[in-house]
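Single-structure report; data block below.
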Number of protein chains: 2
Amino acid sequence: MPENRRSADAPRKPTVYDVAQAAGVSIATVSFVFSKPERVKASTAEQVLAAAESLGYVPSASARGLARGRTGAIGLYAFDYLLDADELDVVPGTVGEGRLFPLYADEVQRGVQLECRRRGFALMLGGARTTPHLPHAIDVAGRVDALIAFAGAMPDKTLTQVASRIPVVELGGAVRQEGVHTIFVDNREGMLELTRHLLEVHGYRDVAYLGELGTPEFVQRFDGFSSAMQAAGLPVPEVLPVHAGDDATTIAVVARLLASGSLPEVLVCDTDQSALAAVDALRAAGVTVPRDVAVTGFDGILASRLSAPPLTTVRQPMELVGRSAVQILADILAGESDADRHELLGSAFVLGGSCGCS
Amino acid sequence: MPENRRSADAPRKPTVYDVAQAAGVSIATVSFVFSKPERVKASTAEQVLAAAESLGYVPSASARGLARGRTGAIGLYAFDYLLDADELDVVPGTVGEGRLFPLYADEVQRGVQLECRRRGFALMLGGARTTPHLPHAIDVAGRVDALIAFAGAMPDKTLTQVASRIPVVELGGAVRQEGVHTIFVDNREGMLELTRHLLEVHGYRDVAYLGELGTPEFVQRFDGFSSAMQAAGLPVPEVLPVHAGDDATTIAVVARLLASGSLPEVLVCDTDQSALAAVDALRAAGVTVPRDVAVTGFDGILASRLSAPPLTTVRQPMELVGRSAVQILADILAGESDADRHELLGSAFVLGGSCGCS
DNA sequence: TTGAAAGCGCTAACAG
DNA sequence: CTGTTAGCGCTTTCAA
């Protein structure tokens, strides 16, 4: 087989065959030198290593992955690349302008990155856009040994399909499917505590809720909010529809509130991103936070601490979320864990100035 | 060959063979449906797609990569994971505490990420720590079609070896090797302008330089500094050795300066990171910036804008650096570019308050 | 301790 | 438009 392996002219990428030939051993020995060094005599190993280096041998991960049945990589799937493709062209802005950085997903990703590095996994972000008929999530799933996905990033069907092949952790979701591990933060409790603060300490009664109910974590936040309201004997207001990824929705809601003539006492937002957008929109209209109206957020992203006033919010342990996901997957891949894992991480109420506290 | 493909009990990952069988076609047809849909009759394609979905077929990127000779992924290599492994255990701190985020490399990475996504490349971060005899950089090189590396992250030898197999862009370095594409920012000019400002506007004469000369970009910064000093007829001070990645080095230098009894008028630091560390160290000693001593940085990271006072610094177009790297590699992989590419991006002097300006 | 040989799952000629 | 058939480069029993 290794006959016509090299054409006389073009220098092809050297393979195990080339290294083996140069070192005067078999390809199996070359392979062992790199994967099971203890099984090879030291002197032989040295020859092989020398040959490999002088030839500029770079082992093919594809070949290894195919033969071994695993790649050594973990994937992180954030959202469907196609859906926000145009958003990308609309906002190619520099860091700091327009888009605040880092956002929730960035901080989680950071945790994933750090933990992957610590444990020796390669990290695969996103998939290639080469297979029109295949969802992106499937493409990335085909490249890795395990996958981490944000809640709502993958359609249920895709999630099921991927989870039936490789371990999957869904971040910030609720337990939804057998075989899908989850990490979720105590959204309900956090929002409950925050709302209670607004009602009990500040005595607010006219409260608006800006957010969405698209994924379990958002539902839980609203749930915590509702419970606090009900416990205080107050009616639960409708959710004013706002999407964290799109400030325009927040701006629109604020505009509607302003136009209505009477502002609520406080706007409870289900993310820091929309809270910050709301503060900006209010300020632009000459309304001061928290003097004229209080605003609260959720997440505890960097920008919430740096804004003026700092946001009263609920802090999620974002880096830990990312780290925990990798840890779970590492356990499972190592065979040290079999059952479904569902990890609950605590959240922390953070008092800023935006609620009206000094 | 596809005889004993499925053992009766354990449900194995379905392959093209399984899909082909279920759809009543050949494996080539299955392959075409996903890679060259136009070559397959619509009705056939539908059957195949249906079969694939019901079986939960997830194509193996390893197999595809091996057969095609390319993976569709681009790698980003930041530094040797082994070297900073313990640093990682020392500072597992949360975002915002102690270690700042995002740093220079994070912002560049963001650009790489965005551009990879836009162009449909998968992004591979780091390599697996599984091959004791192989440098990490080699492992990641084996996984991708092209590699982006930070200057100084890879030993020259490794760089050469990798570059002989796949296109490589080195970020923030100088042109060093044939076949290694580079992107560099005008470090010299930026630092020259900043230093000139200190000398001409503020009239400083007693100037210290904190930094290193480890990679070309740092050398260029010092070069710009030196030129400005010489042009003003001032002696060029020695470099006080400080490493951006290790605040302890900065703290030590500041301590030495404080102990010496007389502080310079200004500390010119070759990164924002060390400048921020210096400001902190000075503050801890009761020295106020810029009243008692001025401090300047380089990079323009987010933290430099948020610090009090904001840092006078030189801003690098970090996101653009990352994007450009991907663009170059995309061109080369598409065969639209053959020669070595060396791109020079501009830097911008940024006036903060830390130099003594109001 | 090392070698021979059979795949891993997919792609891409080349036929038909 | 679809099927046949070689490999892609590496790992891994099984023998020697």
Side-chain angles (χ1 to χ4, degrees), chain A residues 1-6 12-21 23-48 52 55 57-72 128 130-131 134 139 141-143 145 165, chain B residues 1-6 12-21 23-48 52 55 57-72 128 130-131 134 139 141-143 145 165:
Chain A
M1 208 157 296
E3 262 57 358
N4 58 342
R5 197 152 275 286
R6 300 183 72 80
R12 277 186 48 278
K13 306 194 187 191
T15 70
V16 275
Y17 292 96
D18 304 303
V19 176
Q21 190 175 20
V25 299
S26 80
I27 60 165
T29 302
V30 175
S31 177
F32 285 144
V33 167
F34 291 112
S35 50
K36 301 182 174 54
E38 69 280 5
R39 292 193 45 173
V40 177
K41 207 199 311 176
S43 58
T44 311
E46 272 175 40
Q47 289 175 48
V48 171
L55 286 174
Y57 171 64
V58 176
S60 154
S62 295
R64 175 185 302 156
L66 182 55
R68 276 220 270 245
R70 58 205 157 67
T71 64
T130 49
T131 44
L134 232 39
D139 181 284
R143 297 171 178 271
D145 296 335
R165 305 288 155 235
Chain B
M1 207 160 295
E3 263 57 358
N4 60 341
R5 198 153 273 289
R6 300 183 72 78
R12 277 186 46 279
K13 305 196 188 191
T15 71
V16 275
Y17 291 96
D18 303 303
V19 176
Q21 189 174 21
V25 299
S26 78
I27 59 164
T29 301
V30 174
S31 178
F32 284 145
V33 167
F34 291 112
S35 50
K36 302 182 175 56
E38 69 281 4
R39 292 192 46 176
V40 177
K41 207 200 311 176
S43 59
T44 312
E46 273 174 41
Q47 288 175 49
V48 171
L55 286 174
Y57 171 64
V58 176
S60 154
S62 295
R64 175 186 302 156
L66 183 55
R68 274 220 272 247
R70 60 207 156 66
T71 64
T130 48
T131 44
L134 232 40
D139 182 283
R143 296 170 177 272
D145 297 335
R165 306 286 156 236

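The figures that follow rest on heavy atoms only: side chains count, while hydrogens, waters and symmetry mates do not.
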Could you state the atom-to-atom distance from [atom1] of [X] to [atom2] of [N] in whole Å?
X	N	atom1	atom2	answer
D139(B)	dC10(D)	CG	P	13 Å
R70(B)	dT11(C)	CZ	P	10 Å
Q21(B)	dT2(D)	CD	P	18 Å
D18(A)	dC10(D)	CG	C1'	13 Å
R68(B)	dA13(C)	CZ	C1'	15 Å
F34(B)	dA12(C)	CZ	C1'	17 Å
R143(B)	dG9(D)	CZ	P	18 Å
L66(A)	dG7(D)	CG	C1'	12 Å

Study note, to complete from the structure: Minimal heavy-atom distance between S62(B) and L66(A), with the atoms involved, is CB-N, 3.6 Å
Review point. Between V40(A) and F32(A), which heavy-atom pair has the shortest distance, and what is it?
Key: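 That closest heavy-atom pairing would be CG2-CB, 3.5 Å.
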Practice item. Quick one: list whatever passes side chain to side chain contact (heavy atoms under 4.5 Å, CB included) with A67(B), sequence neighbours left out. Key: none
Point to revise | Which residues share a side chain to side chain contact (heavy atoms under 4.5 Å, CB included) with L134(A), sequence neighbours left out | key: T131(A), I138(A), F34(B), P59(B)
Study note, to complete from the structure: Looking only at dC10(D), dG9(C), dT12(D), the nucleotide nearest the S60(B) side chain is dG9(C)
Check your understanding: Counting side-chain heavy atoms from C-beta on, which of dC10(D), dT12(D), dC10(C) comes nearest to K36(A)?
Key ->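 Among dC10(D), dT12(D), dC10(C), the one nearest the side chain of K36(A) is dT12(D).
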Identify all pairs in which a protein N or O lies below 3.5 Å from an N or O of nucleotides 1-4 of chain C, and state each distance.
residue : atom : partner : partner atom : Å
dT2(C)  : OP1  : T44(A)  : OG1          : 2.4
dT2(C)  : OP2  : K41(A)  : N            : 2.8
dT2(C)  : O4   : R39(A)  : NH2          : 3.4
dG3(C)  : OP2  : S26(A)  : N            : 2.8
dG3(C)  : OP2  : S26(A)  : OG           : 3.0
dG3(C)  : OP2  : T29(A)  : OG1          : 2.5

Check whether any side-chain N or O of [X] sits under 4.0 Å from OP1 or OP2 of [N], and answer yes or no.
X	N	value
S31(B)	dT11(C)	yes
K13(B)	dC8(C)	no
Y57(B)	dC10(C)	yes

**Study point:** Option passing side-chain contact (heavy atoms from CB on, under 4.5 Å) with V19(B) (candidates V48(B), V25(B), I27(B), V33(B))
**Key:**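 So, applying the side-chain contact (heavy atoms from CB on, under 4.5 Å) to V19(B) and each of V48(B), V25(B), I27(B), V33(B), only V48(B) qualifies.
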Exercise for review: Taking the side chain as every heavy atom from C-beta outward, state whether V30(A) and Y17(A) have any pair of such atoms under 4.5 Å apart.
Suggested key: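 Of all side-chain heavy-atom pairs linking Y17(A) with V30(A), none is under 4.5 Å.
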Review point. Side chains of K13(A) and S60(A): does their closest heavy-atom pair fall under 4.5 Å?
Key: no
